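Reading through the structure tokens given below for one structure.
This structure is a prediction, so every number in the text was calculated from the model and none was measured. Numbers for residues simply follow the sequence, beginning at 1.
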Amino acid sequence: MKKQILVGLCLLAAQFTFAQEPINLFNGENLDGWINHGEEKWFVEDGLLICESGPKGEYGYLSTEKFYKDFELTLEFKQEADGNSGVFIRSTFEGTKVTGWQVEVAPPGKDTGGIYESYGRGWLIKPDPEKDKALKMGEWNTMKIRVEGPKVTSWLNGVQMVHLEDEKIGEGEGAIALQIHDGGGIRVKWRNIELVPLD
């Protein structure tokens with residue numbers, strides 16, 4: 001009996017460990033597993049995922065093929081030129097019209113780490129202005145986003161930027177996506193995009 005219990009516990013532990021293994025969303029070689037929405041440029045160079053404004057300078061998105069509900073996402077970004085971008089959670093697309101929520105990635109003074117609802121309520125929460133010092137423009141930054149039920153928390157280089165509980169977000173279903181803002185002149189590099197499922 002004790003042996004059966006021990007085996008059962010080992011199997012349970014193995015399943016738990018497997019469920020918590022990080023998933024690499026970007027393989028460093030190509031855009032397998034991603035969908036391009038729009039005409040802006042998304043490409044891989046020297047193992048990095050790069051987005052650039054196209055000739056039209058419109059909104060563009062690169063979303064995961066799979067939907068993710070509850071997770072902890074960690075990624076690194078380096079802003080070049082304007083650098084106005086974002087990371088979308090639980091989002092769906094019709095062309096370049098997105099339904100979902102963006103954790104902002106933007107130049108200094110423009111609320112990186114805040115949460116914005118596109119084509120909806122707009123800004124839901126912005127970080128305290130003094131937290132903007134955590135952003136290193138032109139250098140590599142680490143962003144972490146934890147999404148669990150109606151709760152969303154963002155960190156930038158180890159600094160908690162915002163925490164929000166929102167019923168509408170809790171009901172959301174969709175993909176993770178990277179954004180390139182309209183206006184032209186934008187270039188952002190991404191790497192080490194890892195997700196740990198929480199469900």
Quiz item: For the atom pair NZ (Lys66) and CG (Leu195), what is the distance rounded to the nearest 0.5 Å?
Solution: 10.5 Å
Quiz item: For Pro55, does its backbone N or O pair with a side-chain atom of Lys41 as donor and acceptor, under 3.5 Å?
Solution: no
Self-check item: Same apolar cluster: Leu75 and Val159, side chain cutoff 4.5 Å
Solution: yes
Self-check item: Test side-chain contact (heavy atoms from CB on, under 4.5 Å) applied to Leu25 and Leu73, step by step
Solution: CA-CA 10 Å; Leu25 297 182; Leu73 176 70; 4.0 Å; yes
Quiz item: More than 12 non-hydrogen atoms from neighbouring residues, nucleotides or ligands closer than 6.0 Å to CD on Glu130, yes or no?
Solution: yes
Quiz item: Is the closest side-chain heavy-atom distance between Lys189 and Glu80 below 4.5 Å?
Solution: yes
Quiz prompt | Side-chain (Asn157) to main-chain (Thr142) donor-acceptor, under 3.5 angstrom | solution = yes
Quiz item: Roughly how far, to the nearest 0.5 Å, is the NZ atom of Lys126 from the CE atom of Met161?
Solution: 13.0 Å
Practice problem: Output the distance between atom CG (Asp128) and atom NZ (Lys133), rounded to the nearest 0.5 Å. | Solution: 11.0 Å
Quiz item: Between Leu48 and Glu45, is any pair of side-chain heavy atoms under 4.5 Å apart?
Solution: no
Quiz item: Glu72 and Arg146: salt bridge (Lys or Arg N to Asp or Glu O under 4.0 Å), yes or no, with the steps?
Solution: CA-CA 4 Å; Glu72 191 167 279; Arg146 184 179 178 90; 3.0 Å; yes
Practice problem: Would you please test Phe43 and Glu52 for side-chain contact (heavy atoms from CB on, under 4.5 Å) and show each step? | Solution: CA-CA 9 Å; Phe43 59 96; Glu52 287 184 354; 3.8 Å; yes
Self-check item: Pair Arg187-Ser53, side-chain contact (heavy atoms from CB on, under 4.5 Å): steps then yes or no
Solution: CA-CA 7 Å; Arg187 179 180 166 94; Ser53 297; over 6 Å; no
Quiz item: Backbone N or O of Glu194 within a donor-acceptor pair of the Asn24 side chain at under 3.5 Å?
Solution: no
Quiz prompt | Nearest-0.5 Å distance, CD of residue Gln179 to OG of residue Ser91 | solution = 10.0 Å
Practice problem: Evaluate the side-chain proximity of Thr153 to Val162: yes if any heavy-atom separation is below 4.5 Å, no if none is. | Solution: no
Quiz item: In terms of the angle between their ring planes, are Tyr59 and Tyr61 parallel, tilted or perpendicular, with boundaries placed at 30° and 60°?
Solution: parallel
Quiz item: Is any side-chain heavy atom of Pro150 closer than 4.5 Å to a side-chain heavy atom of Glu167?
Solution: no
Practice problem: Compare every heavy atom of Glu21 with every heavy atom of Pro197, then report the nearest pair and how far apart it is. | Solution: CD-O, 3.9 Å
Quiz item: Going by the angle between their ring planes, with limits at 30° and 60°, are His37 and Phe93 parallel, tilted or perpendicular?
Solution: parallel
Exercise. State which residues pass side chain to side chain contact (heavy atoms under 4.5 Å, CB included) with Asp32; sequence neighbours excluded, sorted by chain then number.
Key: Asn27, Asn30
Quiz item: What residues, two or more places apart in sequence or in another chain, satisfy side-chain hydrogen bond (donor to acceptor under 3.5 Å, both in side chains) together with Glu39?
Solution: Lys56
Self-check item: Leu49 side chain reached by Leu31 side chain, heavy atoms, under 4.5 Å
Solution: yes
Quiz item: Hey, is the main chain of Ala106 close enough, under 3.5 Å, to the side chain of Asn84 for a donor-acceptor pair?
Solution: no
Quiz item: According to a 4.5 Å side-chain heavy-atom criterion applied to Ile, Leu, Val, Met, Phe, Trp and Tyr, with indirect links allowed, do Leu164 and Val87 form part of one hydrophobic cluster?
Solution: yes
Quiz item: Are Phe88 and Phe26 connected, step by step, through hydrophobic side chains (Ile, Leu, Val, Met, Phe, Trp, Tyr) whose heavy atoms are closer than 4.5 Å?
Solution: no
Quiz item: Got a donor-acceptor contact below 3.5 angstrom from the Lys144 side chain to the Leu156 backbone?
Solution: no
Practice problem: Flag yes if Val147 and Leu124 sit in one hydrophobic cluster, no otherwise; membership is Ile, Leu, Val, Met, Phe, Trp, Tyr, and two members link when side-chain heavy atoms are under 4.5 Å apart. | Solution: yes
Quiz prompt | Test item: Cys51 and Leu62 side chains (from C-beta on) under 4.5 Å apart, heavy atoms | solution = no
Self-check item: Heavy atoms from other residues, nucleotides or ligands near CD of Glu94 exceed 12 (cutoff 6.0 Å)
Solution: no
Self-check item: Spacing of CD1 belonging to Ile50 relative to CD1 belonging to Ile180, to within rounding of 0.5 Å
Solution: 11.0 Å
Quiz item: Which value, rounded to the nearest 0.5 Å, describes the distance between Leu135 atom CG and Gln79 atom CD?
Solution: 5.0 Å
Quiz item: Got His163 and Glu165 here, is their nearest side-chain heavy-atom distance under 4.5 Å?
Solution: yes
Quiz prompt | Heavy-atom closest pair, residues Ser154 and Gly113 | solution = OG-O, 2.7 Å
Exercise. Give the C-alpha distance, both sets of side-chain angles, the deciding distance and a yes or no for salt bridge (Lys or Arg N to Asp or Glu O under 4.0 Å) between Glu139 and Lys78.
Key: CA-CA 5 Å; Glu139 301 178 35; Lys78 184 177 182 180; over 6 Å; no
Quiz prompt | Side-chain donor or acceptor of Asp70 paired with backbone N/O of Asp199 under 3.5 Å | solution = no
Quiz item: Quick one: does Thr96's side chain get under 4.5 Å of Glu58's, heavy atoms only?
Solution: no
Quiz item: For the hydrophobic clusters of this structure (ILVMFWY residues joined by side-chain heavy atoms under 4.5 Å, transitively), does one cluster hold both Phe77 and Phe71?
Solution: yes
Quiz item: Yes or no on side-chain contact (heavy atoms from CB on, under 4.5 Å) for Leu178 and Trp42, after CA distance, side-chain angles and deciding distance?
Solution: CA-CA 10 Å; Leu178 307 177; Trp42 299 90; 3.7 Å; yes
Quiz item: Under 3.5 Å, is there a donor-acceptor pair linking the side chains of His181 and Ser85?
Solution: no
Exercise. Any pair with a residue in residues 101-122 that passes side-chain hydrogen bond (donor to acceptor under 3.5 Å, both in side chains), sequence neighbours left out, goes on the list, sorted by first then second residue, please.
Key: Trp101-Glu117, Glu117-Arg121, Glu117-Lys168, Arg121-Asp166
Quiz item: Within the distance-only criterion (no hydrogens, no angle test), does the side chain of Asn36 pair as donor or acceptor with the backbone N or O of Trp34 below 3.5 angstrom?
Solution: no
